[in-house]
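The analysis underlying the following values was restricted to heavy atoms, covering all of them including side chains, and did not include hydrogens, waters or symmetry mates. Residue numbers start at 1 and run along the sequence shown.
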Amino acid sequence: MTTLRSHTLGAVTEALLGQTVSLCGWVQRRRDHGGVLFIDLRDREGVVQVVCDPDRAETFAAAEGVRNEYCVQVRGLVRPRPAGTENPALVSGRVEVLCHELQVLNASAALPFQLDDDNLSETTRLTHRVLDLRRPQMQHNLRLRYQVAMAVRRYLDEQGFLDIETPMLTRSTPEGARDYLVPSRVHPGQFFALPQSPQLFKQMLMVSGFDRYYQITKCFRDEDLRADRQPEFTQIDCETSFLDETEIRALFEPMIRQTFSGVLGVELPAPFPVMLHAEAMARFGSDKPDLRVKLEFTELTDLMREVEFKVFSAAAALPDGRVVAMRIPGGGRIARSEIDAYTDFVRIFGAKGLAWIKVNEAARGRDGLQSPIVKNLHDAALAEMLRRSGAQDGDLLLFGADRAKVVHAALGALRVKIGHSAFGREQGLFEDAWKPLWVVDFPMFEFDDDEQRWVACHHPFTAPKDEHVDYLGSDPGRCLAKAYDMVLNGWEIGGGSVRIHRADMQRKVFTALGIGEEEARAKFGFLLDALQYGAPPHGGIAFGLDRIVTMMTGATSIRDVIAFPKTQRAQCLLTEAPGAVDERQLRELHIRLRQDQGA
């Protein structure tokens with residue numbers, strides 16, 4: 001054989017009937033049908049059936065020796081499949097290749113698992129990731145990831161954005177997650193940091209006059225991992241000058257809409273609804289509410305300040321306390337054992353318990369309610385609770401009563417759990433659809449009880465709302481930011497803000513955060529200097545490419561859309577990273593390990 005490959009397997013169709021082709025790929029399966037061998041040959045573009053007749057003895061003998069995942073080359077004639085044997089599931093399903101020559105390019109060792117096994121553990125898959133990536137679903141996922149990236153690039157190019165790279169080795173500015181540190185050999189005792197995002201560099205690019213910047217780039221955060229987090233992840237990072245927050249949202253919303261339309265054929269609503277952060281927390285207990293779930297909170301804090309039930313009255317009396325009810329239509333038929341399981345679930349999020357009331361006959365008031373807490377609530381409170389919640393006969397009311405942060409985390413998570421459950425779907429509490437949302441007007445700061453200081457909710461370079469600037473010095477907790485998140489089906493897929501473009505305003509924010517002049521100069525001096533030279537108003541947004549693709553593919557973890565991911569313990573099972581380094585390397589870096597850590 002001369003030409004190694006004349007066509008990819010996805011190109012072998014009826015258009016090639018009667019032609020001799022040279023194909024390369026992996027043996028997906030070999031079948032013996034009464035002395036005739038059939039090989040399903042696979043590459044990334046498709047699968048072709050290859051027929052090996054015993055008439056060609058040398059070729060037939062070679063075919064007898066192949067096994068699954070052998071890499072082979074086949075030369076043969078494209079012919080129609082016999083009537084009744086066509087396979088409509090394949091692009092090549094109406095044709096087959098009569099093998100004239102077969103050459104094994106590389107044999108395969110015995111496989112650690114079969115590629116069509118759908119019950120593999122993630123540990124097995126990640127340890128043998130090279131083989132896992134051959135599986136059709138993983139090939140589909142990574143191809144779709146590429147298509148998303150290309151759709152984004154095309155849109156941003158049409159909008160005049162420039163793809164500009166920023167450094168991977170930068171300065172540690174410990175705000176937010178923990179940095180990954182890289183020791184410097186040339187400067188003993190000093191460290192680079194891997195960027196948590198290109199935030200400061202993209203701002204300086206705006207000061208430099210580039211006007212519209214983007215890159216699809218790696219970011220690094222040394223934080224506890226979940227299904228939607230990795231220590232290194234990919235961000236579609238964008239920044240633009242001379243646009244306000246409304247204009248920025250209007251610029252990037254079509255990018256997501258066009259990407260979903262072009263890649264998935266899904267038409268997202270236009271425009272996306274917009275919700276204030278305060279409303280999202282009040283109604284759903286989440287700043288990234290899953291709007292597919294048709295459950296909401298009912299505010300009861302004011303109503304419960306005078307009741308005898310101390311769980312409610314004590315929470316209502318707290319400065320940051322909240323009491324809410326969540327009505328579960330038809331929930332009266334939920335078994336007590338399941339309610340107990342809900343109680344165990346909310347404890348994961350810091351709740352001390354879960355009060356509940358089954359509404360048997362709403363018209364009978366107290367006598368129509370079933371719950372151990374009813375005796376501790378006066379008639380007026382019960383009546384108003386039923387009115388506000390809209391509870392009907394057969395409903396279940398679940399309550400959250402604690403500090404608002406605990407109520408939001410616990411009952412917000414329970415809301416999603418119930419909505420996604422079999423009960424929730426049967427009861428019509430879940431709508432299987434794409435539900436995008438902009439959440440806007442986030443708080444600038446939150447108070448850190450451990451450090452007893454205000455910390456930035458977004459990052460310290462986010463601009464405050466113009467009408468809230470005076471709160472920076474007098475009441476930082478009231479200050480709202482020019483910040484916005486794009487949410488889709490309960491996942492934050494993008495977030496951004498208008499930035500501070502004046503050095504005097506940046507100093508005010510640093511002061512509110514308890515960052516003095518000396519510390520600000522040490523950590524962010526290069527940014528403060530840049531802002532002095534006619535920095536333009538600017539802002540931007542960053543989208544999580546991994547999260548977007550995960551949602552599009554229906555995967556349960558972003559690890560299923562990343563070629564070589566880390567585990568939840570931040571390890572690569574394929575390469576066994578991180579790993580030890582030898583003493584010589586440590587000496588070059590002027591590093592000595594503590595004895596209890598090993599060498």
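In this structure Asp395 satisfies the salt bridge (charged side-chain N to carboxylate O under 4.0 Å, His left out) test together with Arg327, sequence neighbours excluded. Residues passing the side-chain hydrogen bond (donor to acceptor under 3.5 Å, both in side chains) test with Gln452, sequence neighbours excluded: none. Arg292 is linked by a salt bridge (charged side-chain N to carboxylate O under 4.0 Å, His left out) to Asp290, counting only residues two or more places apart in sequence or in another chain. Partners of Arg569 according to the salt bridge (charged side-chain N to carboxylate O under 4.0 Å, His left out) rule, which considers only residues two or more places apart in sequence or in another chain, do not exist here. Legend: residues meeting ring pair (Phe, Tyr, Trp, His ring centres under 6.0 Å) with Phe430, ordered by chain and number and at least two apart, are His420. Taking the salt bridge (charged side-chain N to carboxylate O under 4.0 Å, His left out) definition, one finds that Arg387 meets it with Glu384, sequence neighbours left out.
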Quick one, Met255 with Phe543, criterion side-chain contact (heavy atoms from CB on, under 4.5 Å). Give me CA distance, side-chain angles, the key distance, then yes/no. CA-CA 11 Å; Met255 183 184 84; Phe543 294 93; 3.5 Å; yes

Does Asp320 form a side-chain contact (heavy atoms from CB on, under 4.5 Å) with Phe447? I'd like the steps, not just the answer. CA-CA 12 Å; Asp320 60 346; Phe447 195 76; over 6 Å; no

Let me see the working for Ile328 and Leu295 under side-chain contact (heavy atoms from CB on, under 4.5 Å), right down to the final yes or no. CA-CA 7 Å; Ile328 315 297; Leu295 297 172; 3.9 Å; yes

Check against side-chain contact (heavy atoms from CB on, under 4.5 Å), Tyr342 and Ile418: CA-CA 9 Å; Tyr342 293 163; Ile418 293 173; 3.8 Å; yes

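No side-chain donor-acceptor contact under 3.5 Å links Gln196 to the backbone of Asp222. A donor-acceptor pair is defined here as one N or O able to donate and one able to accept, closer than 3.5 Å; no such pair exists between the side chain of Thr259 and the backbone of Val148. Without hydrogens or angle criteria, Arg547 side chain to Ile558 main chain gives no donor-acceptor distance under 3.5 Å. At least one donor-acceptor pair closer than 3.5 Å links the side chain of Glu247 to the backbone N or O of Asp244. No side-chain donor-acceptor contact under 3.5 Å links Tyr484 to the backbone of Gly495.
Two rings, from Phe192 and Phe220, have their centers 6.0 Å or more apart.
By the 4.0 Å N-to-carboxylate-O rule, Asp504 lies too far from Lys508 to be salt-bridged with it. Of the charged side-chain nitrogens involved, at least one lies within less than 4.0 Å of a carboxylate oxygen, so that Glu299 and Arg322 count as a salt-bridged pair. Taking 4.0 Å as the cut-off between side-chain N and carboxylate O, Asp449 and Lys405 do not count as a salt-bridged pair. We find that Lys352 and Asp402 are joined by a salt bridge, their nearest charged nitrogen and carboxylate oxygen being less than 4.0 Å apart.
Between Leu386 and Leu397, the closest side-chain pair of non-hydrogen atoms falls below 4.5 Å. Side-chain atoms of Ile236 and Ile216, non-hydrogen and from C-beta on, do get closer than 4.5 Å to each other. For the pair Arg305 and Thr301, the minimum side-chain heavy-atom distance is below 4.5 Å. Put simply, the side chain of Met304 reaches to within 4.5 Å of the side chain of Leu377, judged on heavy atoms. Side-chain contact between Tyr213 and Pro198 is present, with at least one heavy-atom pair separated by less than 4.5 Å. By the 4.5 Å heavy-atom criterion applied to side chains, Gln230 and Asp546 are not counted as neighbours. Ile357 places a side-chain heavy atom less than 4.5 Å from the side chain of Ile373. Within the 4.5 Å cutoff, the side chain of Pro329 has heavy atoms near those of the Leu429 side chain.
By the neighbour-count criterion of 12 heavy atoms within 6.0 Å, atom CD of Glu467 is densely surrounded, having more than that number from other residues, nucleotides or ligands. Within a 6.0 Å sphere centred on CD of Glu306, other residues, nucleotides and ligands contribute 12 heavy atoms or fewer.
Counting only residues at least two apart or on different chains, the salt bridge (charged side-chain N to carboxylate O under 4.0 Å, His left out) pairs with a member in residues 277-289 are Glu279-Arg283, Arg283-Glu296. Among residues at least two apart or in separate chains, ring pair (Phe, Tyr, Trp, His ring centres under 6.0 Å) pairs with a member in residues 396-416 are Phe312-Phe399. Residue pairs meeting the ring pair (Phe, Tyr, Trp, His ring centres under 6.0 Å) criterion with at least one member in residues 357-392, sequence neighbours excluded, do not occur.
Between Ile493 and the choices Ile548, Asp485, Leu545, the side chain to side chain contact (heavy atoms under 4.5 Å, CB included) rule is met once, by Ile548. Residue Val498 is tested with Leu243, Ile248, Thr462 for a side chain to side chain contact (heavy atoms under 4.5 Å, CB included); the sole match is Ile248.
Residues Leu382 and Val374 share a closest heavy-atom pair of CD1-CG1, 4.0 Å. The two residues His468 and Leu480 make their nearest non-hydrogen contact at ND1-N, 2.9 Å. In terms of heavy atoms, Gly419 sits closest to Val293 at CA-CG1, 3.8 Å. Among all heavy-atom pairs drawn from Asp393 and Ala362, the shortest one is OD1-N, 2.7 Å. Scanning both residues, Leu156 and Cys238, for their nearest heavy atoms gives CD1-SG, 4.2 Å. Closest approach of Gly496 and Arg499 over heavy atoms only: C-NH1, 4.3 Å.
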Could you pull out every donor-acceptor pair under 3.5 Å between side chains of residues 432-446 and any protein atom, sequence neighbours left out?
unit_1 : atom_1 : unit_2 : atom_2 : d
Lys435 : NZ     : Glu431 : OE1    : 3.2
Trp438 : NE1    : Glu253 : OE1    : 2.8
Asp441 : OD1    : Lys465 : NZ     : 2.9

Sequence neighbours left out, cut at 3.5 Å: what donor-acceptor pairs do the side chains of residues 510-517 make with other protein atoms?
unit_1 : atom_1 : unit_2 : atom_2 : d
Thr511 : OG1    : Arg507 : O      : 2.9
Glu517 : OE2    : Arg507 : NE     : 3.4

Show me the side-chain donor-acceptor pairs of residues 526-536 shorter than 3.5 Å, one per line, residues at least two apart or across chains.
unit_1 : atom_1 : unit_2 : atom_2 : d
Asp529 : OD1    : Arg521 : NH1    : 2.9
Asp529 : OD1    : Arg521 : NH2    : 3.3
Asp529 : OD1    : Gln532 : NE2    : 3.4
Asp529 : OD2    : Arg521 : NH1    : 3.2

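Side chain to side chain, Ser197 and Gln235 fail the donor-acceptor criterion of an N or O pair below 3.5 Å. In this model, no donor atom of one side chain and acceptor atom of the other lie less than 3.5 Å apart for Thr217 and Asp237. No hydrogens or angles considered: a donor-acceptor pair under 3.5 Å links the side chains of Arg478 and Tyr471.
The CZ atom of Arg171 sits 9.5 Å away from atom CZ of Phe524, with the distance rounded to the nearest 0.5 Å.
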